[in-house]
Amino acid sequence: MFIGNIYITLKEGVLDPAGKAANNKLRDLGFTNINNIKMGKFIEVELEAESKEEAIRQLEAISEQLLANLVIENYRVEVVEGDK
Amino acid sequence: MFIGNIYITLKEGVLDPAGKAANNKLRDLGFTNINNIKMGKFIEVELEAESKEEAIRQLEAISEQLLANLVIENYRVEVVEGDK
Amino acid sequence: MAGDLTYKDMGLNDEEYSQIIEILGREPNYLELGMFSVMWSEHCGYKSSRPLLKTLPTTGPQVIHGPGENAGVVDIGDGEALVFKIESHNSPSAVEPYEGAATGVGGIIRDIFTMGARPIAVLNSLRLGELKNERVKYLLDGIVAGIAGYGNSLGIPTVGGEVYFNSVYDNNPLVNAMGVGLVNIDEIALAVAGEVGSPLILVGSKTGRDGIHGATFSSEELSDDKADKRPTVQAGDPFMEKLLIEACLELIGENLVAGMQDLGAAGLTSSIAESASKKGRGVRVDVSKVPQRETNMTPYEIMLSESQERMLVVPIEGAADKVIEICNKWDLEAVIIGEVTDDGMFEVCVADEVVGSVPVLALTDDCPLYLREGAEPEYYKQHKAFVEDSLAEKDIAKAFLDLLASPTIASKEWIFSQYDYQVMTNTVIVPGAADAAVLRVKGRNKGIALTTDCNSRMVYLDPYKGAILAVCEAARNLACVGAKPLALTNCLNFGNPEKPNIYWQLQEAIKGIGTASLALDVPVVSGNVSLYNEKEDKPIYPTPTIGMVGILPDIDKRQDMAFKKAQDLIVMLGDFSSALGGSEYLYICHGLETGQVPEVNLGKEANLISLLLQGLADKIFNSCHDISEGGLAICVAESALAGNLGCRINLVANQLRKDALLFSEAPSRVVVSINPENVENLEKLADSLDIKMNIIGEVTGSNISCLVDNEEVIDVTLDKARQVWGEALKCIMA
Amino acid sequence: MKSAVVIFPGSSGENDVFHILNNVLDERVDLVWHKTTNLDDYDLVILPGGSSYGDYIRPGAIARYSPIMKAVEAFAKEGKYILGIGNGWQMLLEMNLLPGAVLKNANLKFICSDTFLKLENNKTLFTNGFKVDEIIRMPIASGFGNYFCDEPTLQELLTNQQIVLRYCTDDGRLTPEANYNGATANIAGIINKEGNILGMMPHPERCSEDILGGTDGLRIFTSIINKLKGVNI
Ligand SMILES: Nc1ncnc2c1ncn2[C@@H]1O[C@H](COP(=O)(O)OP(=O)(O)O)[C@@H](O)[C@H]1O
Ligand SMILES: [Mg+2]
């Protein structure tokens, strides 16, 4: 079994209303040192695979097919644990 | 300037309907090797701070005060880049 | 949650524990103790409130099912009935506002479709602290988003509600949700356990550790040292609930169900015990069959879990496979977890091993009842002694604007624009447009109207009169849109009933509800009790929220509150009053929450309702709006703003104080606008019902102007009023 | 003509659309389960609003893999007509049958409100009953109504007249205040280049009867019907 992480972030140029709102709110709270916040997704996946390479391919496949929308999002995957 | 990441995940035992729905659909799509999916947030922050330690303290503070909901979520922070 | 709670931690007292030993003839084991403690909590067992609730009028020709079922059922003709109930989710919302409020909606909707009804509307009644408090803003933001997130996702419109702000709710917000469903009378389903040998099928979400002892904790004052005893927060899955609705209604439509029961407070324990007790049956449950979300769950955890979105279905004989098949079609897990037995025992097993065994009726019917002694609090007489003559004069024009900007009075658009109030395309009077929401019934001429009401400051000052006022206001609100009030549901949000002053509030309020309900012929058909709403010994205002439904015989004769036409006459129905006790004016402009609660004459209220219904049937009124928070001046302003038409009011003081004349919240009063041709008709009608009518002004211009004895006291442009009233809440919450 | 309105788990607008076509307009229409794989009988497919699959992951992301969607893609290729409303539009975007994507509303809240819309293109099957630049009124109800596309895509949409509806003020100005959810260029509805697939955020089925306070939505449905039936208008 492997454990993998997927990071999904908004592409450059895509509006990030949640990030902007958080940044404004933090400035209101006195965190004037925060310059920029970008909101993304962090997905932890437990999966079976023959090898680490295979696990990575699987993580990429599920990101492309379902978890990320490539029109607005980028994704990055990594395997953090695995027993094969 | 520092760049930090915040990872927010649901606490053990809190229902994760989105993770469950993603997992079910992926199994339908033939990814029967995917056992468990947990949906979290990945937040990238650009901030000013005196030191890396200070930057970490700031990331923790904004997680506690705004970005994470400590009733149902855990968070973890890291600094990935910094010029001081 | 390890097995280390004592019976006291679980909320049972010494006598109750002895009683359990007596029932069982032995010490209960940990599981059995847990089952007793949740079933004997106030939340499930109504220990303190049941004796009082018994006094409420619950019958009438329109009532099909009164209290005792998952929700009340009233006949609306054509073989159809409305199913409705209001329920609280206060303590979960105080901890986690989004999920707390969301699962509150989920819970009340399950009570509706459990009865076989298609849910058609949600209403929400909220009480929050002062918005200058950041935590309160956070709570409001989360609560509204939670109601929206859940209800919108279900595709059920949230069509109405109310919200009040007062610092007594700072740490103890109230979230009451009302669910309404429509059912064919011959398809009503009840929570009964079927025949001996019938399987018990658990449908829906897997069981996790969420909310264990939720029922107990919602029946206790929250104090911080109990923080670690708090249950895991329940999170909602509206998608799962939507599937449950469709699947359960299909099961009932296919006639496969003997009994159906949702899992709410106290989870499997309560829903199974309640189903079995109705026919004096027993049950045997194998917890190892229950689908689990987490590993290593104990029988105790499984039986007490309050995981959301689960239903218990007892199929008719031979229908189990078909039931499971339909559930699976809707992608729902459905598993037989036990069966009905004939020995009256609730047996919990792990595979073949019995791990707990208690008499079903001991859980449901033997719950101890407490007839407590109420004691009139000090404050009651003091507030009554307040005399208005001592009040300083205030600038009326400024007071008017301050009232418009009070969050309790200001536009609630910030809230209801987050709710999908139109889905299902039945909402013909939308939030903000009138005193009650109106839904059409597709394919029929009739409509239904829905409202929730309670001015808890009035109830605090005088629980008996205040509760009467709440019922009257609800009925009047329905009449204002053209609906005849049919029946009510109530949610009794109070402090700790073990305190004699709080118990007195409860007694008096229930008496008030009963009195008004009888007088207006709106029986109580369902309700819910939420006690122990206090933090650090500071109780909330007693808040008996009233939810009421009514019927419009002709949907085309509905009316809203907007002025429609320049030159229409503005008429006040009812009496001028000097009563300022408990008013928003005293609170906002004088910082006072005191005074004598205005008198209400139930006969007059009933006549006013008849007048409104007759006038609307005769199409005399071009707008109707009842006088409530903010008094006559605010009432008129709201009609002007809704219609975007100005008005000019000229009142005769007749010895009354100007502020009282304009801002009194005395009940049984409505402002209507009429075509001048209809004056005579209205006079005749008002005369025949002994209701005073006064032509107080006309619809004209683009200002809201009020004169008293020909002297101008208010003159504000519509634009200015709209800005003050329309932006107040939005700005605070931005 | 005959229409199919698809039921996805979690969707809720199907009955509302069905009601308009069946009861108000007396047209032939079926509610079709998402596991259906054959749409040969139909001239028009409507993907309704609601929260298919709870809108988990992203609105429309899971529904795009429903069994029926292969048939919907084939239907689209044949040039037959598809209307996506709200969540239905989001599905069409996820399937790349229309360009762009939706984001959370700019104010991060669900918005249920009446909106004014400028009808920018009346040369489509779906809008031939309107005048160009006409200002109409329709309600929106969504948390993810914030349409996004990048600059080249926007230019293409403009060049090909693919923008059909835009949020505007009551007198037709395309201001930021009138842009309820923050959509790129106030876009409320777009059509594909071929002109057979329309996706829109506002709900025409919610304003198709007088009793609901407006009938501008009905004209979307009558536009389609009149054209498909070859009725002169
Ligand atoms: N304040 C009240 N007035 C009238 N009936 C009430 C009141 N409180 C509770 N009831 C009735 O008592 C029964 C049990 O309520 P409750 O435990 O909330 O039901 P459920 O288990 O379905 O949530 C219901 O029939 C409910 O309508
Ligand atoms: Mg129930």
Side-chain angles (χ1 to χ4, degrees), chain A residues 1-10 12 16 18-51 54-55 57-68 73-78 80-82 84, chain B residues 1-10 12 16 18-51 54-55 57-69 73-78 80 82 84:
Chain A
M1 206 197 59
F2 291 88
I3 295 187
N5 291 336
I6 302 175
Y7 303 85
I8 297 179
T9 50
L10 282 175
E12 202 61 51
D16 176 12
K20 210 169 75 185
N23 208 344
N24 291 342
K25 183 82 201 173
L26 286 170
R27 289 176 159 269
D28 286 353
L29 291 175
F31 292 94
T32 47
N33 56 326
I34 308 286
N35 297 331
N36 194 7
I37 290 200
K38 289 194 258 178
M39 291 288 187
K41 291 181 192 163
F42 171 59
I43 305 174
E44 295 166 286
V45 183
E46 248 177 64
L47 73 170
E48 308 289 341
E50 290 300 310
S51 64
E54 175 57 20
R57 268 195 299 277
Q58 291 282 320
L59 290 170
E60 287 172 349
I62 64 176
S63 301
E64 302 247 342
Q65 285 188 43
L66 185 69
L67 300 173
E73 294 169 332
N74 292 321
Y75 71 90
R76 180 165 66 77
V77 308
E78 70 186 3
V80 287
E81 236 185 274
K84 274 192 191 124
Chain B
M1 206 195 58
F2 290 89
I3 295 186
N5 290 338
I6 302 175
Y7 303 84
I8 296 179
T9 50
L10 280 176
E12 192 66 45
D16 176 12
K20 196 176 62 183
N23 207 342
N24 289 344
K25 194 70 213 179
L26 286 170
R27 287 174 159 270
D28 282 357
L29 291 175
F31 292 95
T32 48
N33 56 328
I34 308 283
N35 297 329
N36 193 7
I37 290 197
K38 290 193 258 179
M39 291 288 190
K41 290 181 196 155
F42 172 60
I43 306 174
E44 296 167 286
V45 184
E46 247 177 66
L47 75 170
E48 307 290 342
E50 290 300 309
S51 63
E54 176 56 22
R57 267 195 298 278
Q58 291 283 320
L59 291 171
E60 287 172 349
I62 64 175
S63 302
E64 300 250 341
Q65 287 186 44
L66 185 72
L67 300 172
N69 176 353
E73 293 171 333
N74 292 321
Y75 72 90
R76 182 165 63 77
V77 308
E78 70 187 3
V80 287
K84 274 194 191 119

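Model, not experiment: these values are computed from the prediction. Lettering follows sequence order; numbering is per chain, from 1.
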Using non-hydrogen atoms only, which part of [X] is less than 4.5 Å away from chain A: side chain, backbone, both, or neither?
X: B:L67; result: side chain
X: B:I43; result: both
X: B:T32; result: neither

Report task. Drop me the distance from B:N36's CG to A:E46's CD, to the nearest 0.5 angstrom. Result ->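 Result: 4.5 Å between the selected atoms.
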
Give, for atom NZ of A:K25 and atom CD of B:Q65, the distance between the pair rounded to the nearest 0.5 Å.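 With rounding to 0.5 Å, NZ (A:K25) is 11.0 Å from CD (B:Q65).
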
ask   = Which pair of non-hydrogen atoms, one from B:Q58 and one from A:F31, has the smallest distance, and what is that distance?
value =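 That closest heavy-atom pairing would be OE1-CD2, 3.3 Å.
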
**Request:** Search all heavy atoms of A:F42 against all heavy atoms of B:T9 and return the closest pair with its distance.
**Result:**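 Nearest heavy atoms, A:F42 then B:T9: CE2-CG2, 3.7 Å.
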
ask   = Is the number of heavy atoms from other residues, nucleotides or ligands under 6.0 Å of B:K20 NZ greater than 12?
value =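 More than 12 heavy atoms, drawn from other residues, nucleotides or ligands, come within 6.0 Å of this atom.
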
query = Side chain, backbone, both or neither: which part of A:L66 has an atom under 4.5 Å from a heavy atom of chain B?
reply =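 The answer is the side chain of A:L66.
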
* Asked: Quick one: of A:I6, A:N5, A:V45, who has the most non-hydrogen atom pairs under 4.5 Å with chain B?
  ->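 Of A:I6, A:N5, A:V45, A:V45 has the most heavy-atom pairs under 4.5 Å with chain B.
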
**Asked** Do you know which of B:L47, B:N33, B:I3 has the most heavy-atom pairs under 4.5 Å to chain A?
**Response**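 Top count of heavy-atom pairs under 4.5 Å with chain A: B:N33.
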
